[in-house]
Visitor: 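Sharing a structure with you now.
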Amino acid sequence: MSNIIEITNFEAPELDIYARLTEGQLLNRHEPEKGIFIAESPKVIERALDAGCIPISVLLEKKHIEGQAKGILARCGDIPVYTAEFDVLTQLTGFKLTRGMLCAMKRPRLPEAEEICKNAYRIAVLENVMNPTNVGAIFRSAAALGIDAVLLTPACSNPLYRRAVRVSMGTVFQIPWTILREEVTWTQLLRGLGFKTAAMALKDDSVSIDDSHLMEEEKLAIVLGTEGDGLASSTITECDYTVRIPMAHGVDSLNVAAASAVAFWQLGRRES
């Protein structure tokens, strides 16, 4: 049974993780085993629980205790459940309630890249994608369009940042992912695992996204670059393919999240 606690003091330190700590403080880079993330909305919280994430506390509107949150709270054990009426919750500085419920959870251990790529055939590599909205949208497309795993370079926005989790609709808990170590040359790592790499870039020598040789590759990594600048030239050189999405009306590029959806739809399907 959950431990229901009525909010009376907005400055209580127990509420810091919801209202006052930054994403960097929640991440806790110096002691990652103590890192926390915030899951918003019942659907996202359920997907996090399904993935084995461990809840620490819950913050919700009082009316949801016996409503939409009842089943979720039953899965959370004897953790603190902070609650108040909606108009009281809105007085928390900087606090925005999404669908009536938030849950603080422990950050899970990050697996090694080799571990999540071992049985994968189609993966995505994100190089320095720094906008959490784009990261969340890419994960949602990856989950829907047949991508088996996602690798992120260290400069990427963390997939467990609050906005990334929310935009992904919790699919960050359904697709295996990890952050590559600084010292890893990931193109070599993927080559050793049997992957061909496809850099999504606007180059004169690029092949079309529906290229037959590209489609026939058994194991393929789709590589997407940062907003604005795209992939580093050294990354493009290291990849096996440079791939372009055909455009109309003089448009030269798509937002990285939109480009990922097109690429995943086309390349997530292996030719039989």
Visitor: Treating Ile, Leu, Val, Met, Phe, Trp and Tyr as nodes and any side-chain heavy-atom pair under 4.5 angstrom as an edge, say whether Ile236 and Val243 lie in one connected cluster.
Guide: no
Visitor: Val207, Val223: one ILVMFWY side-chain cluster at the under-4.5 Å cut-off?
Guide: no
Visitor: If Ile, Leu, Val, Met, Phe, Trp and Tyr residues are connected whenever their side-chain heavy atoms lie under 4.5 Å apart, and connections chain through other members, are Leu60 and Ile4 in the same group?
Guide: yes
Visitor: Would you mind checking if Glu217 and Lys196 are paired as a salt bridge, meaning a charged N to carboxylate O distance below 4.0 Å?
Guide: no
Visitor: For Glu33, I'd like to know if atom CD has over 12 heavy atoms of other residues, nucleotides or ligands within 6.0 Å.
Guide: yes
Visitor: Check whether any side-chain heavy atom of Thr83 lies under 4.5 Å from a side-chain heavy atom of Glu61, and answer yes or no.
Guide: no
Visitor: Thinking salt bridges, do Arg162 and Glu40 make one under a 4.0 Å N-O criterion?
Guide: yes
Visitor: Please lay out, stage by stage, how Thr133 and Arg163 fare under the test side chain to side chain contact (heavy atoms under 4.5 Å, CB included).
Guide: CA-CA 6 Å; Thr133 297; Arg163 184 162 181 80; 2.6 Å; yes
Visitor: Should Val81 and Asn3 be marked as a side chain to side chain contact (heavy atoms under 4.5 Å, CB included) after you check the CA-CA gap, both sets of side-chain angles, and the distance that decides it?
Guide: CA-CA 6 Å; Val81 176; Asn3 179 19; over 6 Å; no
Visitor: Nearest 0.5 Å, please: how far is CD1 in Ile175 from CD1 in Ile138?
Guide: 12.5 Å
Visitor: Does Arg244 reach the side chain of Ile209, with side-chain heavy atoms less than 4.5 Å apart?
Guide: no
Visitor: Kindly indicate whether the side chain of Cys117, heavy atoms from C-beta on, has any atom under 4.5 Å from the side chain of Leu151.
Guide: yes
Visitor: Tell me if the centroids of the rings in Phe173 and Phe139 come within less than 6.0 Å of each other.
Guide: no
Visitor: With side chain to side chain contact (heavy atoms under 4.5 Å, CB included) as the test, would you mind laying out the steps for Ile79 and Ile56 before giving the verdict?
Guide: CA-CA 6 Å; Ile79 64 171; Ile56 298 170; over 6 Å; no
Visitor: I need the Glu112 CD to Leu180 CG distance, nearest 0.5 Å.
Guide: 9.5 Å
Visitor: Nearest 0.5 angstrom please: Ile147 CD1 to Tyr121 OH, how far?
Guide: 14.5 Å
Visitor: Please report the shortest heavy-atom distance between Pro159 and Val135, naming the atom on each side.
Guide: CA-CG1, 4.1 Å
Visitor: Taking the side chain as every heavy atom from C-beta outward, state whether Met105 and Leu49 have any pair of such atoms under 4.5 Å apart.
Guide: yes
Visitor: Heavy atoms only: give me the nearest Pro154-Glu182 pair and the separation to one decimal.
Guide: CB-OE2, 3.5 Å
Visitor: Looking only at side-chain N and O atoms, does Ser206 offer a donor or acceptor that is under 3.5 Å from a partner on Tyr241?
Guide: no
Visitor: Answer with yes or no whether the side chains of Arg47 and Thr171 bring together a donor and an acceptor at under 3.5 Å.
Guide: no
Visitor: Answer yes if Trp177 and Leu126 sit in the same cluster of Ile, Leu, Val, Met, Phe, Trp and Tyr residues linked by side chain heavy atoms under 4.5 Å apart, and no otherwise.
Guide: yes
Visitor: Can Leu224 and Val125 be said to form a side chain to side chain contact (heavy atoms under 4.5 Å, CB included), step by step?
Guide: CA-CA 6 Å; Leu224 297 145; Val125 180; over 6 Å; no
Visitor: In Å, rounded to the nearest 0.5 Å, how long is the span from CG of Leu26 to CZ of Phe37?
Guide: 11.0 Å
Visitor: Quick one: do Glu6 and Lys62 make a salt bridge, cutoff under 4.0 Å?
Guide: yes
Visitor: Do Arg29 and Asn158 have side-chain N/O donor and acceptor atoms under 3.5 Å apart?
Guide: no
Visitor: Side chain of Tyr161, backbone of Leu27: donor and acceptor closer than 3.5 Å?
Guide: no
Visitor: Work out which heavy atom in Leu267 is nearest to a heavy atom in Leu214; give both atom names and the distance.
Guide: CD2-CD2, 3.7 Å
Visitor: Pairing donors with acceptors under 3.5 angstrom, does anything connect the side chains of Asn134 and Glu227?
Guide: yes
Visitor: With rounding to the nearest 0.5 Å, note down the distance linking CG in Leu102 to CZ in Arg166.
Guide: 9.5 Å
Visitor: Is there a side-chain contact between Arg107 and Ile36, using heavy atoms and a 4.5 Å cut-off?
Guide: no
Visitor: Any Lys/Arg nitrogen of Asp50 or Arg75 sitting under 4.0 Å from an Asp/Glu carboxylate oxygen of the other?
Guide: yes
Visitor: Taking all heavy atoms of Arg20 and all of Gln25, pick out the closest pair and write down the distance.
Guide: O-OE1, 4.1 Å
Visitor: Which heavy atom in Ile116 sits nearest to a heavy atom in Pro111, and how many Å separate them?
Guide: CG2-CG, 3.5 Å
Visitor: Measure the shortest side-chain to side-chain distance between Tyr82 and Val58 over non-hydrogen atoms and say whether it is less than 4.5 angstrom.
Guide: no
Visitor: Return the OG to CD1 distance between Ser57 and Ile38, rounded to the nearest 0.5 Å.
Guide: 7.0 Å
Visitor: Are Leu231 and Val256 connected into the same hydrophobic cluster when the rule is that any two of I, L, V, M, F, W, Y join if their side-chain heavy atoms are below 4.5 Å apart?
Guide: no
Visitor: For the residue pair Val172 and Leu160, establish whether any side-chain heavy-atom pair is separated by less than 4.5 Å.
Guide: yes
Visitor: With no hydrogens and no angle check, is any side-chain donor or acceptor of Thr153 less than 3.5 Å from a backbone partner on Asn128?
Guide: yes
Visitor: Just by distance, no angles: are the side chains of Thr235 and Glu127 close enough, under 3.5 Å, to form a donor-acceptor pair?
Guide: yes
Visitor: In the structure I gave you, are the side-chain heavy atoms of Thr187 and Thr185 within less than 4.5 Å of one another anywhere?
Guide: yes
